[in-house]
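All values below come from the heavy atoms of this structure, side chains included, with hydrogens, waters and symmetry mates left out. Note that the coordinates shown come from a computational prediction; the quantities given were computed from them, not determined experimentally.
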Amino acid sequence: MPEEGIGMVEGTDQTIRRAVEAMLFVSDEPISASVLAQVLEVGRRRVEAVLSGLVEEYEERGSGIVLRQLAGGWRLMTHPEAHPFLEQFILSARHARLTKASLETLAVVAYKQPVTRHQVSSVRGVDSDGVLKSLAERGLVEEVGRDDGPGRAVLYGTTSSFLERLGIGSLADLPPVAPLLDEAGVGRGSSRSG
């Protein structure tokens, strides 16, 4: 490890804590402990200890923010108990919400990915080209490859931004779809599972 340099953080855990917290605050995506350690030129375990300390500190003081590990890194987020107030704030502002068509399309992509536009449209029963384009523009879905079949159709999948917005670490954290279909009365008498 170098003795000096711009990225080198010397001194107390307070200095490292302040630097870690500032980087988490300005980042628009989760940051791994390894990346933080590399930037600060300190050991990953030292950064992990600081991250754990921040998690406890925010909880102990009843902060409106929490530090969560998700999508392969760490991210500052709003505290769940503040969500009703944030929802009211966001709804009062003119933020674009997802339409029913967007939510349906996003669900199909999330549960069936990688999936083609044709497959999404088949599941929904209507053309989904425009909705997929809109979701891609919002950064919730992206092209993840090409189908091996004739025409080599584009395959779509969800993004890490999708995981972040749901507050989950991976697609494995999505609820199973079969119980949701049973509750809705969908697929009764069918042997097909999710």
To the nearest 0.5 Å, what is the distance between [atom1] on [X] and [atom2] on [Y]?
X    : Y    : atom1 : atom2 : value
L166 : T158 : CG    : OG1   : 9.0 Å
Q119 : L155 : CD    : CG    : 7.5 Å
L40  : R46  : CG    : CZ    : 9.5 Å
L24  : W74  : CG    : CH2   : 9.5 Å

Are [Y] and [X] co-members of a hydrophobic cluster defined by side-chain heavy atoms under 4.5 Å apart?
X    : Y    : value
I168 : L70  : no
F85  : V66  : no
V108 : L174 : yes
L132 : V126 : no
M77  : I31  : no

What is the minimum heavy-atom distance between [X] and [Y], and which atoms define it?
X    : Y    : answer
R44  : S34  : CD-OG, 3.3 Å
A33  : V47  : O-CG1, 3.9 Å
S102 : L135 : O-CD1, 3.7 Å
V144 : P114 : CG2-CB, 3.9 Å
R68  : P80  : NH2-CG, 3.5 Å
L36  : V20  : CD1-CG1, 4.0 Å

Heavy atoms from other residues, nucleotides or ligands near CD of E137 exceed 12 (cutoff 6.0 Å): yes
Return yes when atom CZ of R61 has more than 12 non-hydrogen atoms of other residues, nucleotides or ligands closer than 6.0 Å, and no otherwise. yes
Going through the checks in order, is the side-chain contact (heavy atoms from CB on, under 4.5 Å) test met by F25 and L76? CA-CA 7 Å; F25 181 76; L76 289 173; 4.1 Å; yes
Is [Y] close to [X] at the side-chain level, that is, under 4.5 Å between some pair of heavy atoms?
X    : Y    : value
T116 : V154 : no
V109 : L140 : no
L98  : R138 : yes
Y111 : P176 : no

Show me the pairs that pass side-chain hydrogen bond (donor to acceptor under 3.5 Å, both in side chains) and involve residues 144-157, at least two apart or across chains. none
List the residues meeting side-chain contact (heavy atoms from CB on, under 4.5 Å) with Q14, not counting sequence neighbours, and say none if there are none. T12, R17, R18
Does the [X] side chain pair with the main chain of [Y], one donor and one acceptor, at a distance under 3.5 Å?
X    : Y    : answer
T159 : E142 : no
S121 : R117 : yes
S128 : V131 : no

List, one per line, each side-chain donor-acceptor pair under 3.5 Å for residues 50-60, sequence neighbours excluded.
| from | atom 1 | to | atom 2 | distance (Å) |
| --- | --- | --- | --- | --- |
| S52 | OG | E48 | O | 3.1 |
| Y58 | OH | E21 | OE2 | 2.4 |

Any donor-acceptor N or O pair under 3.5 Å, side chains H79, S63: no
